[in-house]
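In each ligand, atom 1 is the first atom listed, and ligand 1 is the first ligand listed. What's counted below: heavy atoms across the whole structure, side chains too, no hydrogens, waters or symmetry copies.
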Amino acid sequence: MTTDVMQIEFRQTEYSRIQEVDFNNLPFGKHFSDHMFVADFMDGQWVNQQVVPFDNFTLSPALSSLHYGQSIFEGMKAYKNDAGEVLMFRPLDNLNRMNESARRMCMATLSEDVFIGGLEALLRIDADWVPTAPGSSLYIRPYMFATDVFLGVSPSKSYRFCIFTCPVGTYYTKPPKVKVETEYIRAAEGGVGYAKCAGNYAGSMYPTMLAQQAGYDQLLWTDAKEHKYFEESGTMNVMFVIDGKLVTPALSDTTLKGITRDSILQIARSMNIEVEERRVSVEEVIGGIESGQLTEAFGAGTAVMVSPFSVIGYQGKDYMLAENPAGTSIAVRIKNYMTDIRTGKTDDVFGWVYKV
Ligand SMILES: *Cc1c(COP(=O)(O)O)cnc(C)c1O
């Protein structure tokens with residue numbers, strides 16, 4: 001415990017909605033747990049920390065974040081171990097990344113006290129909402145938005161930080177078909193691609209919709225200059241297995257610094273799998289599929305964990321990725337090990353698990 005819980009005000013719901021939720025059928029992001037954590041940034045500090053029933057906010061039509069987009073978020077997951085204790089995965093990394101996003105968006109940063117203290121308070125009161133079935137978890141959404149009531153384009157002086165949670169099952173029911181995007185871009189050098197800011201996702205929706213109309217599930221973004229090198233995919237980093245090596249685009253200011261990505265790379269190294277973080281060209285990947293040297297291509301992110309692609313579409317042609325024989329997939333091996341760490345089934349040798 002890192003915080004003085006006395007400074008958080010609690011108002012417990014009089015009516016829990018947990019009986020209304022079918023925990024055997026959990027669509028992503030539709031069921032919200034009973035409570036939320038809220039804090040406001042005013043006069044240079046975080047005040048009014050409270051855990052209250054999940055409910056609507058009352059907002060001014062002139063709220064600056066609605067106009068100019070000072071809005072950032074995080075995504076993380078909690079699990080229960082066999083003893084029923086609630087476990088978070090690398091929450092301090094989410095705090096650090098949220099603060100990096102906040103600095104880029106000229107927003108207030110959060111202290112460990114507010115962020116971890118808020119998470120702990122919320123997860124304790126809503127511990128019953130953490131699912132236990134294999135493949136399910138409690139998705140946690142911390143986010144922050146500007147609350148000045150002012151129409152000038154300048155950084156807001158006040159912010160709201162909120163955390164709510166959703167019990168979720170698996171994200172994709174079958175391996176997604178992805179399309180290499182060679183017209184639109186997600187991020188350019190010097191831009192905000194590395195920040196988990198709301199606008200990045202708004203900008204991606206139109207090209208993603210076009211890909212979906214063409215029969216794909218998601219996009220593979222390429223670099224803004226030449227459309228030659230892979231960046232990432234939707235809300236996932238991307239990885240490939242080429243000649244038995246785990247290959248992934250190096251991080252830059254145009255890619256989100258995924259915590260799942262980092263965890264996978266650390267696990268791979270510990271399993272003596274060779275890892276390469278470098279530029280990965282579309283040509284190399286398509287050529288690798290054709291020659292058989294590329295054996296796996298997958299997305300990595302908190303929502304999906306690890307998501308093997310079934311098809312990569314490029315310049316009007318679909319390149320199929322064969323399913324690996326059972327037990328031979330590097331992605332599946334790493335994913336299973338990571339899941340065992342997250343759920344407390346194996347030793348946390350990396351020091352990633354945070355017990356609530
Ligand atoms: C959140 C996100 C990721 C994955 O990050 P994780 O920390 O692994 O969840 C990757 N790319 C984008 C664009 C994202 O928004």
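Taking any N or O of Arg261, backbone or side chain, none lies under 3.5 Å from an N or O belonging to ligand 1. Of the N or O atoms in Thr260, one or more lie within a sub-3.5 Å distance of an N or O in ligand 1. In terms of polar-atom proximity, Thr302 is counted as a contact of ligand 1, with an N or O under 3.5 Å from an N or O of the ligand.
Side chains of Asp34 and Ser16: a donor on one and an acceptor on the other come within 3.5 Å. Between Thr254 and Glu231, the side chains place a donor N or O and an acceptor N or O closer than 3.5 Å (distance only, hydrogens not considered). Between the side chains of Ser65 and Ser71, no donor-acceptor pair of N or O atoms lies under 3.5 Å. Of the N and O atoms on the side chains of Glu100 and Asn96, not one donor lies less than 3.5 Å from an acceptor on the other residue.
Side chain of Ser101 to main chain of Lys196: a donor-acceptor pair is present (N/O by atom type, distance under 3.5 Å, no hydrogens or angles). Side chain of Thr13 to backbone of Tyr15: a donor-acceptor contact under 3.5 angstrom is found.
Residue Ala303 places every heavy atom at 4.0 Å or more from ligand 1.
Among protein heavy atoms, the minimum distance from atom 15 (O) of ligand 1 is reached at Tyr201 OH, 2.4 Å. Nearest to atom 2 (C) of ligand 1 among the protein's heavy atoms is Lys196 NZ, 2.6 Å. Nearest protein heavy-atom neighbour of atom 4 (C) of ligand 1: Thr235 O, 3.6 Å.
Those atoms of ligand 1 that come under 4.0 Å of a heavy atom in Gly234, given as number and element, are 12 (C), 13 (C). Ligand-side atoms of ligand 1 in range of Gly258: 5 (O), 6 (P), 7 (O), 8 (O), range being under 4.0 angstrom from any heavy atom.
Compare Glu232, Lys257, Glu74, Arg97 by their heavy atoms: the one nearest to atom 10 (C) of ligand 1 is in Glu232.
Contacts between Met76 and ligand 1 below 4.0 angstrom, taking non-hydrogen atoms only, are absent altogether.
With respect to Arg261 and Glu277, a salt bridge is recorded, a charged nitrogen being found less than 4.0 Å from a carboxylate O. The pair Asp262-Arg90 meets the salt-bridge criterion, with a side-chain N (NZ, NE, NH1 or NH2) lying under 4.0 Å from an Asp/Glu carboxylate O.
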